[in-house]
Amino acid sequence: MTSGLRITWTLGSHGWADCTLDDHRAKAELTASHITHAPEEFLTAVARLVAGETETRAQFEAEPTAYRWIFYREGEDIWIRVLELRHGGDHDTKGTEIWSGQLGLDQLARAAIRCFDEVARTYGESGYRGKWGEHFPRTELEALRHLWRTHRHPEDT
């Protein structure tokens with residue numbers, strides 16, 4: 001299993017961000033444009049896994065390249081594949097796998113939450129909007145955080 005997954009989201013020029021995945025075994029760098037709701041899609045996909053879905057996806061558009069996250073869940077284990085595609089509408093089979101890993105559901109949720117908590121600390125929500133061009137994904141982040149806490153401590157709900 002992958003341990004120590006770190007996800008970073010770094011805002012670049014207006015409307016662009018770089019996302020890095022690093023699990024001390026392999027590292028991948030993805031680019032995202034604000035033409036789609038990449039952070040919201042990613043956080044929602046992770047939340048769906050925490051809520052019990054067994055397969056979900058998210059996609060970052062990099063005009064025209066796209067990065068597709070494919071998540072599978074079995075019990076508390078998550079398998080992730082990240083594909084780079086020449087065009088966002090391409091079938092998975094046309095993509096090149098640039099990162100894959102297996103980790104626990106808790107590890108993935110924690111890495112996603114830490115990533116966007118760090119984004120909020122680094123840029124602030126208004127600074128984020130100024131650089132990204134869209135609102136900070138507060139609703140999706142807090143929904144994931146709530147689901148994760150409920151998943152970890154179901155007796156508290």
Side-chain angles (χ1 to χ4, degrees), residues 1-51 53-123 127-128 131-138 140-141 143-145 147-148 151:
M1 273 209 196
T2 301
S3 63
L5 177 66
R6 179 162 167 73
I7 304 169
T8 59
W9 182 266
T10 307
L11 298 177
S13 59
H14 182 76
W16 291 93
D18 294 315
C19 179
T20 304
L21 291 144
D22 188 355
D23 67 358
H24 306 294
R25 178 187 58 82
K27 183 176 181 177
E29 296 183 3
L30 295 65
T31 302
S33 165
H34 73 281
I35 62 166
T36 60
H37 300 285
E40 292 87 350
E41 273 193 45
F42 173 74
L43 290 166
T44 299
V46 176
R48 286 180 177 142
L49 292 167
V50 173
E53 285 193 25
T54 57
E55 182 177 342
T56 190
R57 294 164 176 251
Q59 187 159 302
F60 296 175
E61 294 292 337
E63 304 177 55
T65 302
Y67 297 94
R68 185 171 300 148
W69 300 70
I70 304 169
F71 302 93
Y72 300 100
R73 176 181 176 177
E74 185 174 307
E76 295 297 301
D77 295 327
I78 304 295
W79 286 265
I80 305 170
R81 293 181 66 214
V82 179
L83 304 177
E84 181 176 353
L85 299 125
R86 289 184 58 176
H87 301 284
D90 286 350
H91 190 276
D92 292 350
T93 57
K94 291 190 175 187
T96 301
E97 185 175 284
I98 61 167
W99 191 89
S100 67
Q102 178 186 357
L103 62 155
L105 178 62
D106 191 59
Q107 290 174 294
L108 175 60
R110 191 175 333 118
I113 291 166
R114 283 182 180 160
C115 172
F116 283 93
D117 280 347
E118 181 64 27
V119 169
R121 276 191 297 276
T122 300
Y123 302 102
Y128 177 91
K131 285 191 74 74
W132 180 244
E134 299 292 338
H135 290 285
F136 181 79
R138 177 61 60 195
E140 293 80 6
L141 177 59
L144 171 57
R145 191 186 320 274
L147 282 167
W148 180 57
H151 176 78

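We count residues from 1, following the sequence as given.
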Decide side-chain contact (heavy atoms from CB on, under 4.5 Å) for Asp22 and Leu5; before the verdict, give the C-alpha distance in whole Å, the side-chain angles of both, and the deciding distance to 0.1 Å.
CA-CA 6 Å; Asp22 188 355; Leu5 177 66; over 6 Å; no
Check whether any side-chain N or O of [X] sits under 3.5 Å from a backbone N or O of [Y] as a donor-acceptor pair, and report yes or no.
X      : Y      : answer
Tyr123 : Leu11  : yes
Gln107 : Gly104 : yes
His91  : Thr93  : yes
Gln59  : Gly88  : yes
Arg73  : Thr56  : no

Is the ring pair [X]/[Y] parallel, tilted or perpendicular, if the boundaries are 30 and 60 degrees?
X      : Y     : result
Phe42  : Phe71 : tilted
Trp9   : Phe60 : perpendicular
Trp132 : His34 : perpendicular

Stepwise side-chain contact (heavy atoms from CB on, under 4.5 Å) check, Ile80 with Ile70
CA-CA 6 Å; Ile80 305 170; Ile70 304 169; over 6 Å; no
Locate the shortest heavy-atom distance separating [X] from [Y]; write the atom from each residue and the value.
X      : Y      : answer
Thr31  : Ala62  : O-CB, 3.6 Å
Lys131 : Gly12  : NZ-O, 3.1 Å
Ala109 : Val46  : CA-CG1, 4.0 Å
Leu43  : Glu140 : CB-CB, 3.9 Å
Ala111 : Ile7   : CB-CD1, 4.0 Å

Would Trp69 and Leu30 count as a side-chain contact (heavy atoms from CB on, under 4.5 Å) if you check the C-alpha gap in whole Å, the side-chain angles of each, and the deciding distance to 0.1 Å?
CA-CA 11 Å; Trp69 300 70; Leu30 295 65; 3.8 Å; yes
Check ion pair Arg110-Asp106 (N to O, under 4.0 angstrom)
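Looking at Asp106 together with Arg110, the answer is yes, because their closest N to O distance falls below 4.0 Å.
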Asp92/Arg57 salt bridge by N-O under 4.0 Å criterion:
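A salt bridge is present here (some side-chain N lies under 4.0 Å from a carboxylate O).
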So for atom CZ, which belongs to Arg138, do other residues, nucleotides or ligands contribute more than 12 heavy atoms lying within a distance under 6.0 Å?
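More than 12 heavy atoms, drawn from other residues, nucleotides or ligands, come within 6.0 Å of this atom.
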Suppose we screen for salt bridge (Lys or Arg N to Asp or Glu O under 4.0 Å). Which residues come up paired with Asp90, at least two apart in sequence or across chains?
none
Can Glu41 and Thr44 be counted as having a side-chain donor-acceptor contact under 3.5 angstrom?
no
Just by distance, no angles: are the side chains of His37 and Glu61 close enough, under 3.5 Å, to form a donor-acceptor pair?
no
Verdict with reasoning, Phe136 to Tyr128, per ring pair (Phe, Tyr, Trp, His ring centres under 6.0 Å):
CA-CA 6 Å; Phe136 181 79; Tyr128 177 91; 5.2 Å; yes
Look up atom CZ in Phe116 and atom OG1 in Thr8, then write down how far apart they are to the nearest 0.5 Å.
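Taking CZ in Phe116 and OG1 in Thr8, the distance rounds to 10.0 Å.
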Under the side-chain hydrogen bond (donor to acceptor under 3.5 Å, both in side chains) test, residues paired with Arg86 that sit two or more places apart
none
With side chain to side chain donor-acceptor pair (under 3.5 Å) as the test, would you mind laying out the steps for Thr96 and Glu84 before giving the verdict?
CA-CA 5 Å; Thr96 301; Glu84 181 176 353; over 6 Å; no
Evaluate the criterion side-chain contact (heavy atoms from CB on, under 4.5 Å) for residue pair Thr54 and Glu74; output intermediate values, then yes/no.
CA-CA 7 Å; Thr54 57; Glu74 185 174 307; over 6 Å; no
Heavy-atom side-chain proximity of Tyr67 to Leu83 below 4.5 angstrom:
no
